[in-house]
Amino acid sequence: MILVFIAVNFFILSIVGFFYLYWGFGGMWPGRDEPSLAKAVVGRNGITEMPSKALTLFISACLFLASIWPLIWIGLIETPLPYAIREIGMIGLIVVFVARGIAGYMPNFRRKYSELPFANYDRQYYSPLCFMVGMFSAAIFFL
């Protein structure tokens, strides 16, 4: 079962990482221009442009690292990293993704990120996927 959780997390985080890579290099889907893209994927009130290319590519790199971290954790990817660093990485994945998943339903977050269509996408897709990745990461960590 642990391999299923790892595979699902890898698939989700890799796909999202590829989207950030795509946006970092100028891709516009699911928008038609920069303001509509920013409203769909960032959603902060009043947003009219995407974050910088450097930040978008950094987020992409973090997502790709997060996608392989469980493989490092269980030893399918060997690394000289000490156990404590691998453990901190897994705990970080759990905390970040569970917190982001829950945050999407909190009133303060909903007020700050209320641009459409982001608000709808977040409630339907982004937050539940984040929560699922966090819970699967917890299962990987504790099993």
note = So ring-ring contact (aromatic ring centres under 6.0 Å, His included) across residues 54-94, not counting sequence neighbours, yields F18-F64, W73-Y83, W73-F141
request  = Just jot down the side-chain contact (heavy atoms from CB on, under 4.5 Å) partners of I2, sequence neighbours excluded, or say none.
outcome  = I6, I74, I140, L143
query = What's the shortest heavy-atom distance between M90 and P70, and which atoms?
reply = SD-CA, 4.0 Å
request  = Please answer whether the main-chain N or O of R123 pairs with a side-chain N or O of S127 as donor and acceptor at a distance below 3.5 Å.
outcome  = no
query = Is there a donor-acceptor contact under 3.5 Å linking the side chains of S137 and N9?
reply = yes
query = Less than 4.5 Å apart, any side-chain heavy atom of C62 and any of L65?
reply = no
ask   = Can you tell me how far OG of S67 sits from CZ of F10, rounded to the nearest 0.5 angstrom?
value = 5.0 Å
query = When clusters are formed by joining ILVMFWY residues with side-chain heavy atoms under 4.5 Å apart, either directly or through shared neighbours, do Y113 and Y105 land in the same one?
reply = no
key: For F118, all residues meeting ring pair (Phe, Tyr, Trp, His ring centres under 6.0 Å), sequence neighbours excluded   = Y126
inquiry  = With a 6.0 Å cut-off (strictly less than), is the heavy-atom count around CE of M28, excluding the residue itself, greater than 12?
reply    = yes
remark   = Sequence neighbours excluded, the answer for side-chain contact (heavy atoms from CB on, under 4.5 Å) partners of T79 is I72, L81, R86
Qualifying salt bridge (charged side-chain N to carboxylate O under 4.0 Å, His left out) pairs with a residue from residues 3-30, counting only residues at least two apart or across chains = none
note = Grouping ILVMFWY residues whenever side-chain heavy atoms fall under 4.5 Å, the cluster of I88 otherwise contains none
query = Which residues satisfy the side-chain contact (heavy atoms from CB on, under 4.5 Å) test with A103, sequence neighbours excluded?
reply = F109
ask   = Going through the distances and angles, do L76 and L3 end up as a side chain to side chain contact (heavy atoms under 4.5 Å, CB included)?
value = CA-CA 11 Å; L76 286 178; L3 292 178; 4.2 Å; yes
task = State plainly whether one hydrophobic cluster holds both L63 and L21, where clusters connect Ile, Leu, Val, Met, Phe, Trp and Tyr through side-chain heavy atoms under 4.5 angstrom apart.
result = no
key: Hydrophobic cluster identity match, L55 and F25, side-chain contacts under 4.5 Å   = no
query = Which pairs count as side chain to side chain donor-acceptor pair (under 3.5 Å) when at least one residue sits in residues 45-64, sequence neighbours excluded?
reply = N45-S114
key: For L129, all residues meeting side-chain contact (heavy atoms from CB on, under 4.5 Å), sequence neighbours excluded   = I12, M132
ask   = Same hydrophobic cluster for L37 and L57, using side-chain heavy-atom links shorter than 4.5 Å among ILVMFWY?
value = no
inquiry  = Run the salt bridge (Lys or Arg N to Asp or Glu O under 4.0 Å) test against R110 and tell me which residues pass, sequence neighbours left out.
reply    = D122
query = Any side chain to side chain donor-acceptor pair (under 3.5 Å) pairs touching residues 16-35, not counting sequence neighbours?
reply = D33-S36
note = In short, V42 meets P51 closest at the heavy-atom pair CG2-CD, 3.8 Å
Salt bridge (charged side-chain N to carboxylate O under 4.0 Å, His left out): pairs with one or both residues in residues 127-143, sequence neighbours excluded = none
